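One structure below.
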Number of protein chains: 4
Amino acid sequence: MPENLTHREDYRKEKKLRILEAAARVFARRGFFGTVVADIATEAGIGKGTIYEYFDSKEDLFFAVFEWFVRQTGAKTKISISALKGSAPQRLEALSESLMGSWDEIRDIFSLVMEFWSASASSETRERFQQAFRQGYSDFRGIVSSLIRDGIERREFRPDVEAESVAAALVGTWDALLLQAWFDDSFDHRIAAKEFLDVVLRGLSLQ
Amino acid sequence: MPENLTHREDYRKEKKLRILEAAARVFARRGFFGTVVADIATEAGIGKGTIYEYFDSKEDLFFAVFEWFVRQTGAKTKISISALKGSAPQRLEALSESLMGSWDEIRDIFSLVMEFWSASASSETRERFQQAFRQGYSDFRGIVSSLIRDGIERREFRPDVEAESVAAALVGTWDALLLQAWFDDSFDHRIAAKEFLDVVLRGLSLQ
Amino acid sequence: MPENLTHREDYRKEKKLRILEAAARVFARRGFFGTVVADIATEAGIGKGTIYEYFDSKEDLFFAVFEWFVRQTGAKTKISISALKGSAPQRLEALSESLMGSWDEIRDIFSLVMEFWSASASSETRERFQQAFRQGYSDFRGIVSSLIRDGIERREFRPDVEAESVAAALVGTWDALLLQAWFDDSFDHRIAAKEFLDVVLRGLSLQ
Amino acid sequence: MPENLTHREDYRKEKKLRILEAAARVFARRGFFGTVVADIATEAGIGKGTIYEYFDSKEDLFFAVFEWFVRQTGAKTKISISALKGSAPQRLEALSESLMGSWDEIRDIFSLVMEFWSASASSETRERFQQAFRQGYSDFRGIVSSLIRDGIERREFRPDVEAESVAAALVGTWDALLLQAWFDDSFDHRIAAKEFLDVVLRGLSLQ
DNA sequence: CATGAATGAGGCTTCATTCAT
DNA sequence: GATGAATGAAGCCTCATTCAT
């Protein structure tokens with residue numbers, strides 16, 4: 001019986017994931033308000049009613065997609081960051097390149113991020129989303145600032161650098177460069193990131 | 001009669017502006033989809049139908065707000081930039097402070113910007129909005145990069161600096177810092193901007 | 001003063017007629033429900049509000065157009081009929097040709113007739129219109145049947161002919177032939193009327 | 001599963017028909033523009049939204065009613081005509097009586113026909129309806145004219161009769177007699193048709 | 001568990017009519 | 001008298017959600 005339950009749970013979990021993936025695609029394509037629940041069902045190859053067996057509402061599903069997406073992205077980022085080697089500047093460069101390089105993956109879901117932002121700007125879920133964003137940005141800022149502090153301790157960066165501020169700005173820069181790439185195909189965010197980080201690293205350096 | 005016509009036209013133009021302002025407030029508060037046309041009418045203190053005497057549709061009104069907003073912001077920015085004096089680094093600092101300082105004004109309309117982004121992420125108006133954003137970013141990038149090139153020519157910045165890339169990144173950074181401030185009250189974007197620009201200017205400097 | 005009043009009345013009467021004519025054109029073009037009062041004003045080259053100085057409502061105007069049209073058509077028909085000369089068969093033929101021949105004039109207002117019919121099929125004015133139609137048809141039937149009775153008395157038609165029935169049918173035939181011509185350009189109602197009347201006259205004749 | 005599908009399809013088809021019938025009643029009662037979609041739903045005993053599960057729009061439903069009605073009427077007429085026996089004159093008399101006799105059935109849907117005419121006189125569907133009318137009239141004309149040609153061949157009618165013209169006129173006469181009966185209760189279309197056909201048949205006869 | 005038929009609240013938009021100028 | 005700006009009732013349609021099968 002426990003095994004049975006487990007099987008059933010596995011089944012549900014897998015199905016839930018299928019719906020999640022389908023929903024992510026449709027939301028990214030059409031936006032939250034532009035998306036019709038029936039479309040998600042069609043995309044997932046199931047009946048309309050089935051979605052409500054797994055999620056309470058369209059909004060609930062939307063937020064589940066959001067959380068799933070954030071968790072996924074966060075996990076990937078943490079893994080790639082923890083794998084970084086070398087000096088602080090080298091690690092920052094590697095991080096930047098990793099972020100900018102994942103563009104091809106990110107571009108498909110950037111529309112989704114825009115939707116999350118949008119949802120955070122309106123509707124009652126505003127607070128819910130804002131908090132999640134706050135958290136996500138904060139986590140990332142923390143990682144980068146600890147990396148910078150590490151550099152300061154190792155005497156790779158100037159001691160009077162405000163790690164928190166620089167981290168916040170850098171995170172923002174990367175985000176905004178991806179944004180510019182998103183709505184402007186001709187914009188090369190990789191070069192911009194590389195050149196800019198060069199300047200920043202020089203500014204951080206002891207000399 | 002020409003005078004009469006002029007009067008009428010003035011009247012209509014002014015009324016259109018009043019509706020625009022009311023719409024901007026409501027759209028900022030509730031988002032495009034969260035906004036009900038009746039709310040805009042109430043906010044403007046007029047009847048529902050009157051809006052349709054001045055705008056073809058809710059979407060039309062929304063885009064009109066957008067264009068009006070972009071035009072306004074763009075004009076203000078250009079004026080404040082043209083007024084900048086001093087060396088290139090000084091001008092960049094002044095620009096940064098000016099942007100970050102206008103936060104109190106901007107914060108009220110940032111929600112509106114989010115809405116425009118949102119609208120650009122979905123629906124058929126996507127292209128319309130994306131292009132406007134592209135243009136806006138591109139304009140601003142151009143201003144900042146010419147400022148940097150100016151600095152290079154004046155030997156205030158290193159000659160091997162990629163003005164375009166740095167400009168794109170800086171513009172993005174400011175944008176993203178405002179964004180972080182927008183959804184995180186405890187985040188001090190002014191300090192972050194100041195500290196970060198310090199680093200960047202040091203990185204740009206000849207030494 | 002009486003002269004003054006007369007002038008004013010003349011002015012009003014003429015203006016009313018201008019509105020009537022404009023309304024007839026627009027109603028014929030777009031139908032009652034498809035017509036927007038503003039269009040009539042534009043067509044008449046006046047302001048929207050002015051119409052309500054001369055007519056109580058859109059429906060009132062519509063009915064006024066109808067009555068004006070019926071009066072006009074009726075008057076014309078009576079005149080042309082009273083001018084008919086010759087034997088009863090000859091007068092029927094002349095009448096038929098006159099009716100069918102006025103097609104080029106009628107075709108432009110047939111849409112209007114359709115609208116009147118339509119209005120009679122729906123809305124509260126149903127009864128109003130139905131009665132007018134009844135009256136119009138009845139008048140015309142009366143004219144034709146008296147013409148036929150005249151023929152019977154003159155021994156040009158068989159004595160056992162039911163004048164009323166034949167008149168009703170003939171009137172209907174002409175009406176329906178014009179209708180067919182109206183929605184089928186390739187249909188030649190003149191030939192059909194002529195050939196058919198030939199048969200009918202032969203059927204009415206003593207031999 | 002195929003059986004299941006068939007069941008579902010049957011169910012939908014039947015439901016669609018129920019809506020069609022309800023819509024026909026309401027449209028006949030109130031006209032196209034006078035009809036509110038909610039009324040149809042009430043008449044059909046279903047919810048407003050359900051109608052849109054089966055028809056794309058009010059106009060679509062209206063045209064579906066029209067087609068259904070035309071198909072039904074056409075089918076009935078063809079059947080009754082093919083069942084006619086006897087000489088050509090006898091068959092024409094039988095046809096006339098059959099048409100005039102079905103008045104009690106027709107009267108309830110004549111309002112509907114008026115609505116179709118109305119719809120054909122306005123809006124973009126004009127062409128759609130006009131063509132259907134053209135077709136219907138043309139079909140009927142064809143049937144009657146072949147009946148007449150048959151009579152000519154059998155030497156029951158004069159050889160110089162223009163079958164097409166007479167057919168067109170006869171069809172029109174019947175139509176118009178029903179029309180007169182529709183808006184004038186006191187008008188006896190049966191007698192008029194009988195008496196008139198007498199005259200026409202006499203006119204068609206060899207003597 | 002899965003489904004899709006049914007629903008009705010709610011939103012955008014139209015337009016006849018009014019009325020201040 | 002003439003005008004057109006203003007209005008709000010009313011209608012079509014969408015779509016998230018429910019629920020019987």
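Chain naming here is simple, since letters A, B, ... match the order of the sequence lines and numbering starts at 1 in each. This structure is a prediction, so every number in the text was calculated from the model and none was measured.
Nucleotide E:dC15 forms a Watson-Crick or G-U wobble pair with F:dG8, both donor-acceptor distances falling under 3.5 Å. Pair check for E:dT21 finds F:dA2; Watson-Crick or G-U wobble, both atom distances under 3.5 Å.
Put simply, NZ on A:Lys15 is 9 Å from P on E:dC1, counting in whole angstrom units. Atom P of nucleotide E:dA2 and atom NZ of A:Lys16 are separated by 13 Å, given to the nearest angstrom.
For DNA chain F, the contact window with chain C, defined by any atom under 4.0 Å from a protein heavy atom, covers F:dG1 to F:dA6 in 5' to 3' order.
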### Task
For the pair C:Val37 and C:Tyr52, evaluate side chain to side chain contact (heavy atoms under 4.5 Å, CB included) and give the outcome as yes or no after the intermediate values.
CA-CA 10 Å; C:Val37 173; C:Tyr52 288 84; 3.9 Å; yes

### C:Thr50 vs C:Lys15, side chain to side chain contact (heavy atoms under 4.5 Å, CB included): CA-CA, chis, key distance, verdict
CA-CA 10 Å; C:Thr50 308; C:Lys15 188 139 197 179; 4.2 Å; yes

### Query
Run the side chain to side chain contact (heavy atoms under 4.5 Å, CB included) check on A:Glu14 and A:Leu17 step by step: do they pass?
CA-CA 5 Å; A:Glu14 207 196 315; A:Leu17 187 65; 5.6 Å; no

### Task
Under the side chain to side chain contact (heavy atoms under 4.5 Å, CB included) rule, what do D:Lys58 and D:Phe32 come out as? Steps first, then yes or no, please.
CA-CA 9 Å; D:Lys58 186 188 175 185; D:Phe32 178 73; 3.9 Å; yes

Please write out the pairs of protein N or O atoms and N or O atoms of nucleotides 10-13 of chain E separated by less than 3.5 Å, giving the distance to one decimal.
from	atom 1	to	atom 2	distance (Å)
E:dG10	O6	D:Lys48	NZ	3.1
E:dC12	OP1	B:Thr35	O	3.4
E:dC12	OP1	B:Lys58	NZ	2.7
E:dC12	OP2	B:Val37	N	3.1
E:dT13	OP2	B:Tyr52	OH	2.6
E:dT13	OP2	B:Lys58	N	2.9
E:dT13	O4	B:Lys48	NZ	3.4

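By the 30° and 60° cut-offs, the orientation of the rings of A:Phe27 relative to A:Phe62 is perpendicular.
C:Phe55 comes within 4.0 angstrom of no nucleic acid atom, judged by non-hydrogen atoms across all strands.
Between C:Phe66 and C:Phe63, a ring centre-to-centre spacing shorter than 6.0 Å is recorded.
The side chain of A:Tyr54 places an N or O atom within less than 4.0 Å of a non-bridging phosphate oxygen (OP1 or OP2) of E:dA2. The shortest distance between the side-chain N/O atoms of A:Arg12 and the OP1/OP2 oxygens of E:dC1 is below 4.0 Å.
A salt bridge does not link B:Arg30 with B:Glu43: every distance from a Lys NZ or Arg NE/NH1/NH2 to an Asp or Glu carboxylate oxygen is 4.0 Å or more.
Comparing B:Thr50 and D:Glu53 along DNA chain F, the residue whose closest nucleotide (by nearest heavy atom) sits nearer the 5' end is B:Thr50. Along DNA chain E, the nucleotide nearest D:Gly45 and the nucleotide nearest A:Gly47 are compared for position; the residue whose nucleotide lies closer to the 5' end is A:Gly47.
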